[in-house]
Student: 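Can you read through this structure? Questions will come right after.
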Amino acid sequence: MSKFDEIRPFYDNEVNDALRGIARDPMMKALMSFTFPDIDRQVWLSKFKNTHSISDFQAHFISYTVRKILEKSSEGLTTSGFDQLDKNTPYLFVSNHRDIVLDTSLLNLVLLEKGHIMTSSAIGDNLVQKSFLHVLAKLNRNFLVQRGLPLREQLKSSQIMSEYIDQLLHHEKRSVWIAQREGRTKDGNDATQQGVLKMLAMSAGDLSLIDYFKTLKIVPISISYEYDPTDMLKVPQLLAKHRDEEYIKDKDEDFTTMLSGVLGQKKRIHINAGKVLDTELDDIATKFDNKNKQLQAIAQIIDDSIIQNYKLWPTKYIAYDLLHDTNTYADQYTEKEKQLFMRRLDMRLDLSDAISKEYFLAMYANPLINKIKFENNLSV
C-alpha cells in the first residue's frame, strides 16, 4: 500500500473496473443523458467497457459534459495567458475559487483543447461523501483534501498532501490545481491563505523555501463568471459571519450547491493564466530572510496576479454603482444589463433586508474594489 492511497485518484489500471461499477448508477445515467441526449444508452455503456485510463475518460466523456454545460448555461468561455505556457511543462495552478465543480473542469477543458498537461486537482473530501461522487472524482483525477481532522492528524494529512503534490509535479510530470484558500470565496475577496503555501513548503527538504517554490512553477489562475449561479446560496453563510454565529450546513447543501453551479446560468466566463512565478521569488529572497515574511510576500504576489487579471464583467460595475448609490461606472454597462441584474436581485432577495442586499452586491463588486486598490497601490 502507498501512503497516498487514501487521497489519490485511480491508477489507469483501476479505471475500467471503477467505471463498470458505477455505469448503471442512476446518477451516471443522468450525467450521460445530459451529455449525449441523442445517443442510445447502450452506446456509452459499450464505450465504458473500452475505457482504460483517466485520460480516455476525460477526453471521450467528461470534456463533452463540460462543453454541454457551457452550451446550456453560459454564453461562452474565453481565455488569456495560456499561450505563454509550455505545453510539455507541468505547472502548479493556484486559483481563485468560485465554483466547486466548474473551476477545475473548465480549466482542464482549456488545457485539453490547447494541448497542455491536464491537472490532478484538489477537492475536499466533504464534497464527495456520496459513493458515486467519490468514484467520479477519482475518475477525474481529483485527489482528496481531508477536512475536519483533529490538529495532529491535520498536520500529518498536510504533510502527505504536500508530498503527493511534489510527486505529481516532479516525478509524474503532472500539473496540479489547488485553490488559493480552503473553500470557495463567498464574498468576492480573492486572498491566498498562507496555510496553503505552508502545506506546499513541507516538501522543500534541503532546498530553501524560495528555491523549492521555483521548482513548483506556480501559475496564478483567475476565473471570472459574469453571473454566479450560487450567489444566493452564499448569502446565509455571509450573514452568519456578520452576526458572529456559527454556520451549520444542511445535510445535502454541498450537493445542492454543486448542481446549482453546474446547471445555473453563468452568462460569460473568462479564465486567465498568469505568468509563472520566477524572478519575483528571487526579489522576495533578497528582501526577506524570515520564512513567514517570504510566505506572506508570495501570497501577495499570487493575489496581485489574480486581482490584476480578473475579468471584470458589467455585473461587477453595476453592483459597485448600486452598492455606492452612484453612476461612476455607468459607461461600463448598458441599461438593459443593469435592468437584468436588478431583476435578478429582486427575484433572489427580500430587498427590504438591507444587510442581505449589501452582502449580495458586495459579492459582485469586491473584485472591482480590489482591482481599484491594486491600481492605486501601483501609482503610490
Student: Only one of Lys311, Arg268, Lys316 clears side chain to side chain donor-acceptor pair (under 3.5 Å) with Glu226; which?
Tutor: Arg268
Student: If the plane angle is over 60° it's perpendicular, under 30° parallel, otherwise tilted; pick one for Tyr164 and Phe143.
Tutor: perpendicular
Student: Taking Glu71 for the side chain and Ile69 for the main chain, is one N or O donor matched with an acceptor at less than 3.5 Å?
Tutor: no
Student: Can you check whether Asn140's main-chain N or O pairs, donor with acceptor, with Gln58's side chain at less than 3.5 Å?
Tutor: yes
Student: Quick one: does Phe213's side chain get under 4.5 Å of Leu295's, heavy atoms only?
Tutor: yes
Student: Decide yes or no on salt bridge (charged side-chain N to carboxylate O under 4.0 Å, His left out) for Lys266 and Asp99, but give the supporting numbers first.
Tutor: CA-CA 11 Å; Lys266 293 159 272 289; Asp99 186 273; over 6 Å; no
Student: Yes or no on side-chain contact (heavy atoms from CB on, under 4.5 Å) for Ser73 and Val262, after CA distance, side-chain angles and deciding distance?
Tutor: CA-CA 8 Å; Ser73 67; Val262 166; over 6 Å; no
Student: List in chain and number order the residues that pass side chain to side chain contact (heavy atoms under 4.5 Å, CB included) with Ser305, two or more places apart in sequence or in another chain; answer none if no residue qualifies.
Tutor: Pro220, Asn309
Student: Donor-acceptor check, side chain of Lys87 to backbone of His116, threshold 3.5 angstrom: yes or no?
Tutor: no
Student: Compare all side-chain heavy atoms of Met199 with those of Ile165 and state whether any distance is below 4.5 angstrom.
Tutor: yes
Student: List the residues meeting side-chain hydrogen bond (donor to acceptor under 3.5 Å, both in side chains) with Lys234, not counting sequence neighbours, and say none if there are none.
Tutor: Asp228
Student: Is any side-chain heavy atom of Met118 closer than 4.5 Å to one of Leu107?
Tutor: no
Student: Does CD belonging to Glu358 count more than 12 external heavy atoms closer than 6.0 Å?
Tutor: no
Student: Any cation-pi pair here, Lys217 with Tyr91, using under 6.0 Å and within 45°?
Tutor: no
Student: Any sub-3.5 Å donor-acceptor pair from Asn290's side-chain atoms to Lys293's backbone N or O?
Tutor: yes
Student: Would you check if the side chain of Asp303 reaches a backbone N or O of Thr192 as a donor-acceptor pair within less than 3.5 Å?
Tutor: yes
Student: Could you walk me through whether Tyr333 and Tyr317 pass the ring pair (Phe, Tyr, Trp, His ring centres under 6.0 Å) test, one step at a time?
Tutor: CA-CA 7 Å; Tyr333 53 84; Tyr317 295 104; 7.5 Å; no
Student: Checking Met27 against Leu136 for the side-chain contact (heavy atoms from CB on, under 4.5 Å) test, could you report, in this order, the C-alpha distance in whole Å, the side-chain angles of both residues, the deciding distance, and whether it holds?
Tutor: CA-CA 10 Å; Met27 290 178 79; Leu136 188 64; over 6 Å; no
Student: For Gln265 and Tyr227, work out which heavy atoms get closest and say how close.
Tutor: O-CB, 3.8 Å
Student: Which atom names give the shortest non-hydrogen contact between Met28 and Leu19, and what distance separates them?
Tutor: CE-CD1, 4.1 Å
Student: Between Asp346 (side chain) and Met342 (backbone), is there a donor-acceptor pair under 3.5 Å?
Tutor: no
Student: What I want to check is whether the side chains of Ser55 and Ser53 have a donor and an acceptor closer together than 3.5 Å.
Tutor: no
Student: Taking a hydrophobic cluster as the set of Ile, Leu, Val, Met, Phe, Trp and Tyr residues connected by side-chain heavy atoms closer than 4.5 Å, whether directly or through intermediates, do Met202 and Val145 fall within one such cluster?
Tutor: no
Student: Does the side chain of Ile218 come within less than 4.5 Å of Ile301's, by heavy atoms?
Tutor: no
Student: Testing the 3.5 Å rule here: is there a donor-acceptor pair between the side chains of Thr51 and Asp56?
Tutor: no
Student: With distance as the sole test, does Glu337 use its side chain to make a donor-acceptor pair with the main-chain N or O of Thr334 at under 3.5 Å?
Tutor: yes
Student: Linking I/L/V/M/F/W/Y whenever their side-chain heavy atoms sit closer than 4.5 Å, directly or via other members, would Trp313 and Ile369 fall into one cluster?
Tutor: no
Student: Around Asp289, counting heavy atoms of other residues, nucleotides and ligands shown, do more than 12 lie under 6.0 Å from its CG?
Tutor: no
Student: Report whether Ile223 and Leu92 are members of the same hydrophobic cluster (ILVMFWY, side-chain heavy atoms less than 4.5 Å apart, transitive linking).
Tutor: yes
Student: From Asn142 CG over to Thr119 OG1, what is the distance, rounded to the nearest 0.5 angstrom?
Tutor: 7.5 Å
Student: Side chains of Thr35 and Lys68: do they bring a donor and an acceptor to under 3.5 Å?
Tutor: no
Student: Is a side-chain donor-acceptor pair under 3.5 Å present for Ser162 with Ser203?
Tutor: yes
Student: How close do Ser120 and Pro9 get, heavy atom to heavy atom, and via which atoms?
Tutor: OG-CG, 4.2 Å
Student: Just checking Lys47: does its NZ atom have more than 12 heavy atoms from other residues, nucleotides or ligands closer to it than 6.0 angstrom?
Tutor: no
Student: Of all heavy-atom pairs between Ser356 and Asp353, which one has the smallest distance, and what is that distance?
Tutor: OG-OD2, 2.7 Å
Student: Are the side chains of Leu133 and Phe255 in contact, using a 4.5 Å heavy-atom criterion?
Tutor: yes
Student: Does Trp44 form a ring pair (Phe, Tyr, Trp, His ring centres under 6.0 Å) with His60? I'd like the steps, not just the answer.
Tutor: CA-CA 10 Å; Trp44 52 260; His60 300 146; over 10 Å; no
Student: Would you say Asp304 and Gln300 are linked by a side-chain donor-acceptor pair, where the criterion is simply a distance under 3.5 Å?
Tutor: yes
Student: Please report the C-alpha distance between Phe93 and Leu85 in whole Å, then the side-chain angles of each, then the deciding distance to 0.1 Å, and finally whether the side-chain contact (heavy atoms from CB on, under 4.5 Å) criterion is met.
Tutor: CA-CA 11 Å; Phe93 296 107; Leu85 302 180; 3.9 Å; yes
Student: To the nearest 0.5 Å, how far apart are NZ in Lys156 and CG in Leu151?
Tutor: 14.0 Å
Student: More than 12 foreign heavy atoms under 6.0 Å from NZ of Lys357: is that the case here?
Tutor: no
Student: For the CD1 atom of Ile54 and the CZ atom of Arg174, what is their distance to the nearest 0.5 Å?
Tutor: 8.0 Å
Student: Report whether Ile221 and Ile298 are members of the same hydrophobic cluster (ILVMFWY, side-chain heavy atoms less than 4.5 Å apart, transitive linking).
Tutor: yes
Student: Of Asp231, Asp103, Asp190, which meets salt bridge (charged side-chain N to carboxylate O under 4.0 Å, His left out) against Arg98?
Tutor: Asp190
Student: For Thr257 and Thr230, work out which heavy atoms get closest and say how close.
Tutor: O-CG2, 3.6 Å
Student: Would you mind listing every salt bridge (Lys or Arg N to Asp or Glu O under 4.0 Å) that reaches into residues 2-31, with sequence neighbours excluded?
Tutor: Lys3-Glu163, Asp5-Arg8, Arg8-Glu14
Student: Would Leu263 end up clustered with Val101 when hydrophobic side chains under 4.5 Å apart are linked, directly or stepwise?
Tutor: yes
Student: Do Ile271 and Phe82 pass the side-chain contact (heavy atoms from CB on, under 4.5 Å) test, and can you show the C-alpha distance, the side-chain angles, and the key distance before you say yes or no?
Tutor: CA-CA 9 Å; Ile271 304 178; Phe82 288 90; 3.9 Å; yes
Student: How many angstroms lie between atom CD1 of Ile100 and atom CD1 of Ile123, to the nearest 0.5 angstrom?
Tutor: 7.5 Å
Student: Distance only, no hydrogens: is a donor on one side chain within 3.5 Å (strictly under) of an acceptor on the other, for Thr78 and His270?
Tutor: yes
Student: Do Gln294 side-chain atoms and Phe288 backbone N/O form a donor-acceptor pair below 3.5 Å?
Tutor: yes
Student: So does Gly76 get a backbone contact from the side chain of Ser74, meaning a donor-acceptor N/O pair under 3.5 Å?
Tutor: yes
Student: Tyr64 ring centre to Arg67 NZ or CZ under 6.0 Å, with the angle to the axis within 45°?
Tutor: yes
Student: Looking at Pro229 and Gly261, what are the two nearest heavy atoms and their distance?
Tutor: CG-O, 3.7 Å
